[in-house]
Amino acid sequence: MAAAAIGNVVEWYDWHLYTFLAGYLTADVFPAAAGTSLVPLLSLFAVFAVGFFMRPVGGLLLGAVADRHGRRTALTATLLMMGGSSLAMALTPAYATAGLLGPVVLTLARLLQGLSAGGEFTASTTFLVESAGPGRRGLFASFHYLAATAGQLLASGTAALLVACLDDRAMHAWGWRLPFLLGALLSLVGLWIRRGVAEPRSARQRQERPKVFDALRTHPRESLLICGITIGGTVAFYTWTSYLPTYAHLNAGTDQGTALLAGTLALLLFALVQPLAGLLSDRIGRRPLLLGFAAGSALLCVPLLNLLTGSFLSLLLVQCAGLLLLTGYTAIAAAVNAEVFPARVRAAGIGFPYSLTVALFGGTAPYVGTLFAQLHLPDAFPWYVAALCLLSAPVFLRLPETAHRPLER
């Protein structure tokens, strides 16, 4: 559990740092456009979305590696790729000095991050759930998003600390590079922690090595089920955890320092409640939590986002409420996904449909929200999030209850 969780912290610190420092990367790496300051920001979030479209590739390829060569091999590969991409971001040249080379380097680094992130969810999800004892899969699964949130919290806290310690000129000139350099160093720490971890029993007892597309070919229904489970959860996750500071800045006038501080405190609460929800799902089942998330998000997303006023307290309360609703999905998503597939193709079976759905709906959430703002339709984005959460509700309603069934080995 420690190896998967701590490695996850490092992975998701690197992944989420990009969003928290969006305002500073925009001015340094992308050319300013005459007429509106939103164009460079849209360019930045387009690169953010491009990284997501490598996640299905990472989920498929590294999922196959995890099924064929073991979960530990895949977990090592993801950290190596994430550390290398973080270092490339730290060294990305500014547009003023290198022209288009800066955006090109940033895009390539983000593509490598996407490949790594897709494989990380796949490998760590299967590793955690397969390592759990009877009646504890929900608890173990909750550590995936706890660790991912801890990494996001570390990214948010690092960004907030830099904003507090450096003036705006220093942040734009060189300050935003320091957290990415730290991420590259932390990847080495993650590799050291994961070096001696043992394979779960189900991964060691493989009778044959599956081919890359075996999961899609032999389990098409289960693959579609993963997509339906993920749609609402992923757009809500990236809205409440990553994009909300930018949304509050664009639509309520919240300054960046205030937004980062409120986000850090809200994410701390979010991380702490994950194991509690995971334990609850082991007792009462997965479906009640999933249905509570979908119904609550569909009903409350629009009112909550409309309550933003620009103040610190407003943003903090709104984000905490949204994250508590989201917990019904995040705490058990890894367990639900792993319980859908047999061990032979579990990693690749989860990896591709999950990462594809995240790319289509989660990765594009910041871009869609910013685009609505540019089109002077800021009120449309909350309805977009609510509609996608509602779309997952029928899937949750028909989902077989798997909390108390043995995990297929």
Side-chain angles (χ1 to χ4, degrees), residues 5-26 28-29 44-45 47-49 51-52 55 78-79 81-90 92 106 109-110 112-114 116-117 120-121 124 143-166 171 174-190 237-249 256-272 274 315-316 319 323 326 330 358 362-363 365-366:
I6 296 175
N8 250 337
V9 171
V10 177
E11 282 274 348
W12 297 107
Y13 165 83
D14 287 348
W15 178 256
H16 288 294
L17 197 60
Y18 184 93
T19 303
F20 287 118
L21 295 172
Y24 301 103
L25 274 79
T26 299
D28 200 25
V29 178
L44 191 76
F45 281 135
V47 176
F48 180 80
F52 272 88
R55 290 182 64 163
T78 59
L79 270 178
M81 289 189 290
M82 188 63 79
S85 61
S86 189
L87 180 62
M89 285 190 176
T92 299
L106 187 65
R110 192 64 184 177
L112 185 60
Q113 274 195 338
S116 171
E120 175 65 23
F121 179 86
S124 64
F143 275 81
H144 174 83
Y145 271 100
L146 186 154
T149 305
Q152 192 169 359
L153 189 63
L154 181 61
S156 174
T158 302
L161 181 62
L162 278 174
V163 170
C165 294
L166 299 176
M171 279 297 301
W174 53 268
W176 64 266
R177 300 176 183 275
L178 296 180
F180 289 108
L181 183 60
L182 176 62
L185 296 175
L186 288 175
S187 296
L188 298 178
V189 176
F237 178 80
Y238 283 98
T239 296
W240 292 115
T241 63
S242 297
Y243 180 60
L244 194 62
T246 303
Y247 179 87
H249 175 69
Q256 290 183 338
T258 298
L260 286 172
L261 179 58
T264 300
L265 295 176
L267 285 172
L268 178 60
L269 172 66
F270 182 59
L272 293 175
Q274 297 303 301
L315 180 57
L316 178 63
Q319 190 164 9
L323 290 174
L326 180 62
T330 54
V358 170

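Remember, predicted model here, so these are calculated numbers, not experimental data.
Checked by atom type and distance alone, the side chain of Thr158 pairs as donor or acceptor with a backbone atom of Leu154 at under 3.5 Å. Using modelled atom types, no side-chain atom of Glu120 and backbone atom of Leu79 make a donor-acceptor pair closer than 3.5 Å. Panel note: side chain Tyr13, backbone Ser187; no donor-acceptor pair is recorded below 3.5 Å. Side chain of Gln152 to backbone of Thr241: a donor-acceptor contact under 3.5 angstrom is found. Looking at Arg110, its side chain never comes within 3.5 Å of a backbone N or O of Met89 through a donor-acceptor pair.
To the nearest 0.5 angstrom, Trp176 atom CH2 is 10.0 Å from Leu17 atom CG. Atom CG of residue Leu153 and atom CG of residue Leu265 lie 8.5 Å apart, to the nearest 0.5 angstrom. One distance of note links CG of Leu326 with OG1 of Thr239; it measures 9.5 Å at 0.5 Å rounding. For the atom pair CG of Leu272 and OG1 of Thr149, the computed distance is 10.0 Å after rounding to the nearest 0.5 Å. Note: Gln113 CD to Leu106 CG = 9.0 Å, rounded to the nearest 0.5 Å. Leu87 contributes atom CG, which lies 11.0 Å from atom CG of Leu112 (distance to the nearest 0.5 angstrom).
Nearest heavy-atom pair, Ala109 versus Ala88, reported as atom, atom and distance to 0.1 Å: CB-CB, 3.9 Å. Among all heavy-atom pairs drawn from Ala248 and Leu315, the shortest one is CB-CD1, 4.0 Å. Here the closest heavy-atom approach between residue Ala117 and residue Arg55 is recorded as CB-NE, 4.1 Å. The two residues Gln319 and Ala266 have their closest heavy-atom pair at CG-CB, 3.7 Å. A pairwise comparison of heavy atoms in Gly362 and Tyr238 identifies O-CB, 3.7 Å as the closest pair. When all heavy atoms are compared, the tightest approach of Val9 to Ala150 is CG2-CB, 3.9 Å.
Considering only heavy atoms from C-beta on, Gln274 stays 4.5 Å or farther from His144 through its side chain. When side chains are defined from C-beta on, Asn8 does not count as touching Phe143, because their heavy atoms never get closer than 4.5 Å. Counting heavy atoms from C-beta outward, Val10 and Met82 have side chains that stay 4.5 Å or more apart.
Note: Phe270 and Phe237 have tilted aromatic rings, judged against thresholds of 30 and 60 degrees for the angle between ring planes.
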